[in-house]
There are 2 protein chains.
Amino acid sequence: MKPKATLKKISDKLQISISTVSRALKNHPDISEHTKQKVKELAELMDYEPNNYAISLRTNNSKVFCIMVPQISNLFYHSFISAVEEEARLYGFSLMILQSGGDPAIEIANLKICRQNRVAGIFVAIGTATIDIQPFLKMDDLDVPVIFFDKVPSFQACNKVCIADAKAATIAADVLLRNNKKNILGIFGDPEMSITKKRLDAFSQKIAEKGKSIQLKTKHALTAEAARKIVHKCLTPLQKIDAIFCMSDEILTGVMKAVQELKLKVPESIGIIAHSNGFIPNLYSPEISYVETSGHKLGKLAYNRMSACLSGSTFIQELTVESIYIEGGSL
Amino acid sequence: MKPKATLKKISDKLQISISTVSRALKNHPDISEHTKQKVKELAELMDYEPNNYAISLRTNNSKVFCIMVPQISNLFYHSFISAVEEEARLYGFSLMILQSGGDPAIEIANLKICRQNRVAGIFVAIGTATIDIQPFLKMDDLDVPVIFFDKVPSFQACNKVCIADAKAATIAADVLLRNNKKNILGIFGDPEMSITKKRLDAFSQKIAEKGKSIQLKTKHALTAEAARKIVHKCLTPLQKIDAIFCMSDEILTGVMKAVQELKLKVPESIGIIAHSNGFIPNLYSPEISYVETSGHKLGKLAYNRMSACLSGSTFIQELTVESIYIEGGSL
DNA sequence: AACATTTTCGCAAACGTTTGCGGCAAAGTA
DNA sequence: TACTTTGCCGCAAACGTTTGCGAAAATGTT
């Protein structure tokens with residue numbers, strides 16, 4: 001794209017120098033009000049738009065963040081992206097979106113794209129298969145803050161923003177206990193992921209605090225379909241499951257599919273509770289009770305952390321978003 | 001970000017000129033194989049990454065597309081975005097994401113951001129409130145192709161990529177007729193939008209072809225909640241609705257909420273069919289039959305059109321994605 | 001009147017690439 | 001041997017901004 005107006009064309013027309021035009025548009029105190037007004041009027045008339053490529057080249061300072069997620073088409077990620085975009089635009093930053101498909105090799109290729117575009121900062125949800133995060137840490141050598149979110153590495157010395165996993169799990173367990181559930185099926189995510197481990201540990205501990213009177217069976221599902229099958233397998237006349245905990249929206253969709261297939265009444269025949277951002281739970285009647293794990297809130301918090309990093313904060317932080325319990329009608 | 005390696009540093013180390021280094025890295029035929037090899041080895045050793053700002057400034061040619069949607073958090077849009085990202089990365093393009101919230105003023109502000117970033121092309125789903133598309137057409141003056149998708153303006157002379165609205169509606173109507181539905185409730189989207197008009201017209205016409213034996217009641221819902229209320233209002237003992245057509249995923253979620261609230265059996269008590277990308281229909285059991293309106297396919301087609309525009313195609317096109325019927329168990 | 005200070009503007013280098021064009025040495029040809 | 005052609009490389013302008021520093025005119029002070 002080649003717009004017609006440049007600083008040079010404006011300077012030629014006004015018979016002043018390019019640097020005066022540049023400073024006038026930036027409201028530099030050295031430039032008189034009269035000159036500033038002339039310049040701004042003509043810039044508007046000529047539809048002048050500064051060229052961010054020239055600015056970034058000269059100042060060595062881009063105004064672009066990258067968000068790298070396994071898939072954009074994910075309920076949690078796109079609300080995160082939406083929140084970050086809302087904040088970014090307030091500060092004159094743009095967002096570049098890169099998908100990795102959860103493939104470490106594509107993550108590395110994406111980092112290369114980030115270097116080529118001289119991005120100012122990176123928000124990344126790593127894939128389950130990602131073990132080596134050195135490539136991400138090397139971005140710090142280039143003064144590019146990297147904020148890990150959602151699926152964060154277990155490595156300590158990096159900036160992380162995530163749901164308060166243990167607390168969210170504890171809230172869910174508390175709710176089940178308060179509703180006198182005695183035979184609980186907990187379906188968790190990928191056992192390799194730290195968020196799964198943390199939530200499982202916290203959930204189990206809270207249930208165990210009640211002594212032996214509560215039966216907890218835990219399973220892992222990586223897909224909605226896997227969750228659906230687990231429900232079919234576990235909910236038999238011999239196994240008196242009275243409540244199911246779903247660790248994610250995806251698992252919830254599979255569980256609810258099975259519940260409909262088995263023509264179970266919620267909450268009479270089975271209680272349901274999930275970790276969710278609220279969209280899926282509200283599709284059903286009665287509405288599913290859930291512990292809110294909001295991508296949107298995470299996005300806001302992640303943006304704040306990025307701002308702090310860009311403003312010079314060098315200490316590493318792991319920030320968490322607390323969850324709240326939203327009572328539906330499923331328990 | 002300031003990476004350490006530049007063409008100059010590489011040239012200093014190898015005692016050759018910057019232009020030789022640049023040409024060697026670009027595999028220019030004037031440069032000997034021996035020199036090319038030396039340069040490439042050192043570039044890799046020094047972690048050289050070209051600076052896209054410098055390249056774009058010099059060549060006046062950016063490699064960034066913008067996608068502008070009302071909200072990222074929309075089932076249709078994020079699958080479109082995902083598809084475009086998959087294509088873009090194959091051709092070395094990056095994606096910038098901008099939300100407009102459906103607000104024409106923010107759309108205009110977003111176009112300004114596009115000009116400042118010298119984007120190579122724009123994919124846009126305009127908001128319902130957007131009437132004046134001149135600001136978008138002015139981007140053509142700057143040689144920036146604009147592809148309207150999904151919510152496209154009725155204005156003729158612009159590139160559009162959308163679902164074959166009439167055909168999708170006709171398919172749905174055909175399916176209802178083939179299933180001998182006699183009292184149909186059709187819930188459509190915003191009556192102001194052209195996609196609604198087209199689908200309503202085609203749907204009504206197909207039903208009307210059957211003469212007076214088929215009763216069709218049509219309603220408009222702008223939200224899931226509005227759709228839910230319509231169902232509560234329309235499904236009374238006095239009104240023998242035997243099937244509901246939902247024009248979008250959002251409408252489907254509201255309809256299904258009401259169906260659950262009314263404890264209606266699908267398909268025994270009520271038949272359901274929707275225009276959908278397939279995610280929502282598969283959450284229910286029996287699965288909802290739907291006419292696939294895939295954001296992913298639209299994204300692929302839109303990218304092809306953008307490539308054609310960038311390669312010099314100057315004629316205006318309106319491309320459509322044909323839909324296919326996916327049979328579930330709801331009819 | 002002479003000198004000092006302030007106001008307002010301009011010069012040109014710089015950022016990191018690309019690329020038209022020219023130069024030099026080697027190779028080819030008559 | 002003399003001239004032509006080819007291979008391979010280098011010079012430096014260009015892109016559109018920013019900005020350190022200096023200059024000239026206006027204003028202030030003694």
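For clarity, every value in this text was computed on a predicted model and none was experimentally measured. Worth knowing before you read on, the calculation uses all heavy atoms, side chains too, and leaves out hydrogens, waters and symmetry mates.
With hydrogens and angles disregarded, no donor-acceptor distance shorter than 3.5 Å links the side chain of Arg118(B) to the backbone of Ser56(B).
For Tyr53(A) and Tyr53(B), the ring centers are positioned less than 6.0 Å apart.
Atoms CG (Leu57(A)) and P (dC15(D)) sit 14 Å apart, rounded to a whole Å. Put simply, CG on Asn60(A) is 21 Å from P on dA13(C), counting in whole angstrom units. Atom P of nucleotide dC11(C) and atom CD of Gln15(A) are separated by 12 Å, given to the nearest angstrom.
Contact between Asp140(A) and Val146(A) at its shortest, heavy atoms only, is OD1-N, 4.3 Å.
Between Phe148(B) and Phe136(B), the ring-plane angle classifies as perpendicular under the 30° and 60° cut-offs. Between Phe93(A) and Phe65(A), the ring-plane angle classifies as parallel under the 30° and 60° cut-offs. Aromatic ring orientation, Phe149(B) versus Tyr77(B): perpendicular (interplanar angle above 60°, classes split at 30° and 60°).
Contacts between residues 32-51 of chain B and DNA chain C, defined by a heavy-atom separation under 4.0 Å, are made by Tyr48(B), Glu49(B), Pro50(B), Asn51(B).
Both Ala54(A) and Val21(B) lie near DNA chain D, and the one whose nearest nucleotide falls closer to the 5' end is Val21(B). Both Arg23(A) and Pro29(B) lie near DNA chain D, and the one whose nearest nucleotide falls closer to the 5' end is Pro29(B).
With hydrogens and angles ignored, no donor-acceptor pair under 3.5 angstrom links the side chain of Thr59(B) to the base of dC15(D). At a cut-off of 3.5 angstrom, the base of dC8(D) holds no donor-acceptor pair with the side chain of Asp30(B). On a pure distance criterion of 3.5 Å, a polar donor-acceptor pair joins the side chain of Arg58(B) and the base of dT18(C).
Remark: Leu14(A) CG to Leu42(A) CG distance equals 5.0 Å, nearest 0.5 Å.
Between Glu322(B) and Lys297(B), none of the side-chain N atoms (NZ, or NE/NH1/NH2) sits under 4.0 Å from a carboxylate O, so this pair counts as no salt bridge.
Taking the side chain of Thr6(A) as heavy atoms from C-beta on, and the options dT17(D), dT19(D), dC9(D), the nearest nucleotide is dT17(D).
Cation-pi check for Arg305(B) over Phe315(B) is met; the charged atom lies under 6.0 angstrom from the ring centroid and within 45 degrees of its normal.
Contact check, Ser17(B) against dC11(D): no side-chain N or O comes under 4.0 Å of OP1 or OP2. Look at Ser22(B) and you'll find a side-chain N or O under 4.0 angstrom from OP1 or OP2 of dT18(C).
With a 3.5 Å limit on both pairing distances and Watson-Crick or G-U wobble geometry required, the stems of 3 or more pairs in DNA chain D span C:1-30 with D:1-30.
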